[in-house]
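Since we're looking at a predicted model, the values are computed, not measured.
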Amino acid sequence: MSSVMDNVQPAVKKETQRVAAITGIGLILMWIIFGVMHGFMPQKVPLDYTVFLGGAVGGCVAVLNFFFMGLAVQKAAAATDEDTARMRIKASYSQRMLLQMLWVVVAIVAPCFHFVAGIVPLLFPGTGIKIAGIFHNKK
């Protein structure tokens with residue numbers, strides 16, 4: 001029986017693992033900041049299951065978004081003509097933005113998620129990649 005991950009190129013797997021690690025570090029830092037802020041302003045900043053659940057699901061959405069982008073690029077690279085490749089990338093972008101918008105709405109509306117803790121992790125992959133690029137270029 002074939003696994004879904006069998007068709008994924010090693011580069012996509014490696015970069016997705018890297019983004020997952022970056023997102024995990026970002027989540028831990030975010031939760032620490034929530035803890036510190038809760039210590040100073042317990043009435044305004046909660047530190048309960050909604051913060052941890054929102055962060056965890058938001059982090060998963062962020063990593064999935066990156067993984068789906070990698071798959072789209074992999075499929076576009078395998079396309080025989082440029083128009084097909086361009087169409088795949090555009091469709092992937094639209095679908096991934098829709099996924100993120102749906103998550104933002106759910107994070108805001110559902111009472112089991114703290115909306116800030118759910119939305120902020122969407123910024124971790126891009127920010128982390130840029131920060132890692134700064135340190136990588138200095139070597």
Residues that Thr16 engages under side-chain hydrogen bond (donor to acceptor under 3.5 Å, both in side chains), provided they are two or more places apart: none
Side-chain heavy-atom pair Leu47, Phe52 within 4.5 angstrom cut-off: yes
Interatomic distance, Thr23 atom OG1 to Leu122 atom CG [nearest 0.5 angstrom]: 9.5 Å
Qualifying residues under side-chain hydrogen bond (donor to acceptor under 3.5 Å, both in side chains), relative to Arg88, sequence neighbours excluded: none
Ring geometry between His114 and Phe34 (parallel below 30°, tilted from 30 to 60°, perpendicular above 60°): perpendicular
Closest approach of Ile108 to Phe115 (non-hydrogen atoms, all atoms of both residues): CA-CB, 3.9 Å
Single-linkage hydrophobic cluster Val116~Val57, side-chain heavy atoms < 4.5 angstrom: yes
Shared-cluster residues of Leu29, by chain and number - hydrophobic side chains joined below 4.5 Å: Ile25
Partners passing side-chain contact (heavy atoms from CB on, under 4.5 Å) against Cys112 (at least two apart in sequence or in another chain): Tyr49, Leu53, Ala110
Pairwise side-chain contact, Met69 with Tyr93, heavy-atom cut-off 4.5 Å (strictly under): no
Heavy-atom side-chain contact between Arg96 and Phe66 under 4.5 Å: no
Pairwise side-chain contact, Val63 with Pro125, heavy-atom cut-off 4.5 Å (strictly under): no
Residues forming a side-chain hydrogen bond (donor to acceptor under 3.5 Å, both in side chains) with Thr84, sequence neighbours excluded: Asp81
Check: Val61 and Trp103 side chains under 4.5 Å, non-hydrogen atoms: yes
Nearest non-hydrogen partners of Gly58 and Pro121, listed with the distance: C-CB, 3.7 Å
Gln95 CD to Gln100 CD distance, which is reported to the nearest 0.5 Å: 13.0 Å
Side-chain touch Met30/Leu27, heavy atoms, less than 4.5 angstrom: yes
Val105: hydrophobic cluster co-members (side-chain, 4.5 Å): Val109
